[in-house]
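Values below: every heavy atom of this structure, side chains too, minus hydrogens, waters and symmetry copies. Chain A is the first sequence line, chain B the second, and so forth, proteins listed ahead of strands; every chain is numbered from 1.
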Amino acid sequence: MAFTGNFMCTSFKQELLQGVHNLTLSTGNAFKMALYTNSASFTAATTAYTTGNEVTGTGYSAGGDALTNVTPTNTGTTAFAEFGDLTWSTSTITARGALIYNDTAAGDPTLVVLDFGSDKSSSAGDFSVVMPTYNATSALIRIA
Amino acid sequence: MLTPELGMSNDFKVEVATTQNRGFTPEEIAHRCADRIIAISDRADPVLQQQAYAFKNEMERVIADYMRQAISSDRTTVYNALLEAGNPELAELIRRL
């Protein structure tokens, strides 16, 4: 049981075709990021947010924190979307990875699994997840 | 003509930045901010690349400077809020930060 890499959830791809997710800023759905310990085991087959093996600690609440949507755009033939960076301030937590999920849609369906590569810890400090550059080659969610 | 394939990749990477017993400094956040605003291609013309890096460094310096001003101004607001709430010692502690 451990994180084994980043994954775009297969159910998310299907749900995009079903119109479940709207990533537009302000008028779109509400998305959240939840943090997990390395006891969690997520893959492309992960479909929904779970409380199992979720991080506990000062400055962190179950369910995680809200993300700020960045309205999808495109360059050339690639469309892409992302979220703003997220920080848990004055926190004492250790996390190995995260799930991004749709808090508006029924059943809290997941979009992506994030593997931090190793345990990351904050101690009476800040824990920031920094999103990749927002362009057609690096953005978190890209459809080419 | 129909596009033969639509692809979504697992080829994405987030970074995690943490601190121990402190918050991020304006310089640390300004660096992330500049990274977010401007991306410089490894394949760009070397002269343009050099100009772009110089511009990015200057942007980072300006962002950090204004962040320090914002922090200082916010501490003034907090100082006055604490003073009005009858906590002059706490207010002074904030002012001296």
Side-chain angles (χ1 to χ4, degrees), chain A residues 5-10 12-13 16-17 33 35 43-44 70 77-80 82-98 100 111-135 137-144, chain B residues 1-45 48-49 52-53 55-57 59-60 63-64 66-68 70-71 74-75 77-78 82 90 93-94 97:
Chain A
N6 295 319
F7 295 102
M8 187 74 60
C9 299
T10 306
F12 171 56
K13 298 174 187 174
L16 277 178
L17 299 175
M33 181 188 293
L35 300 176
T43 64
V70 177
T77 56
T78 301
F80 50 100
E82 198 164 272
F83 303 96
D85 296 349
L86 186 57
T87 297
W88 282 270
S89 298
T90 327
S91 61
T92 299
I93 45 184
T94 296
R96 166 58 197 256
I100 292 179
L111 281 64
V112 296
V113 176
L114 301 175
D115 183 349
F116 298 157
S118 61
D119 278 352
K120 305 291 181 184
S121 300
S122 64
S123 175
D126 293 341
F127 190 107
S128 287
V129 179
V130 182
M131 294 291 170
T133 304
Y134 189 53
N135 62 26
T137 54
S138 302
L140 192 69
I141 299 165
R142 283 166 278 142
I143 303 177
Chain B
M1 190 177 79
L2 286 174
T3 303
E5 186 182 350
L6 275 178
M8 292 181 79
S9 172
N10 291 336
D11 175 28
F12 51 84
K13 190 171 185 295
V14 298
E15 302 286 338
V16 177
T18 62
T19 60
Q20 319 292 323
N21 306 306
R22 67 174 179 88
F24 290 110
T25 64
E27 287 75 17
E28 288 168 336
I29 294 179
H31 183 72
R32 272 166 33 198
C33 183
D35 275 347
R36 185 79 173 176
I37 293 170
I38 183 168
I40 302 164
S41 171
D42 290 339
R43 288 172 291 175
D45 178 280
L48 292 177
Q49 207 176 54
Y53 277 115
F55 175 70
K56 189 176 181 181
N57 288 341
M59 181 193 288
E60 195 173 315
I63 292 168
Y66 275 87
M67 286 181 75
R68 278 191 291 272
I71 291 165
D74 187 58
R75 280 189 189 147
T77 303
V78 173
L82 290 170
L90 200 54
L93 201 65
I94 294 293
L97 273 177

So which of [options] has the biggest tally of heavy-atom pairs under 4.5 Å with chain B?
| options | result |
| --- | --- |
| A/Phe116, A/Tyr134, A/Trp88 | A/Phe116 |
| A/Thr90, A/Val113, A/Leu114 | A/Leu114 |
| A/Val130, A/Ile143, A/Asn135 | A/Val130 |

Nearest heavy-atom pair of [X] and [Y]: which atoms, and what distance?
| X | Y | result |
| --- | --- | --- |
| B/Arg36 | A/Phe83 | NH2-O, 3.0 Å |
| A/Leu140 | B/Val14 | CD1-CG1, 4.2 Å |
| B/Phe12 | A/Met8 | CE2-CE, 3.8 Å |
| B/Gly23 | A/Asp126 | CA-OD2, 3.5 Å |
| B/Phe24 | A/Ser128 | CE1-OG, 3.1 Å |

Could you tell me which portion of B/Arg32 (side chain, backbone, both or neither) has an atom closer than 4.5 angstrom to a non-hydrogen atom of chain A? side chain

Main chain of A/Ser121, side chain of B/Thr18: is a donor-acceptor contact present, judged purely on distance under 3.5 Å? yes

When you measure from the side chain of B/Asn21 to the backbone N and O of A/Ala124, does any donor-acceptor pair fall under 3.5 Å? no

Look at atom CZ of B/Phe55 and say whether more than 12 heavy atoms of other residues, nucleotides or ligands are closer to it than 6.0 Å.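 Count not over threshold, so no.
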
Distance, nearest 0.5 Å, that separates NZ of B/Lys13 from CG of A/Asn6: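 That separation rounds to 8.5 Å.
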
Could you measure the distance from the OG1 atom of A/Thr87 to the CD1 atom of B/Ile29? Nearest 0.5 Å is fine.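 If I round to the nearest 0.5 Å, the distance is 7.0 Å.
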
Relative to chain B, which segment of A/Ala139 carries a heavy atom at a distance below 4.5 Å: side chain, backbone, both, or neither? backbone

Chain B contact via A/Ile93 - which portion, at a heavy-atom distance below 4.5 Å: neither

Does the side chain of B/Gln20 come within less than 4.5 Å of A/Ser123's, by heavy atoms? yes

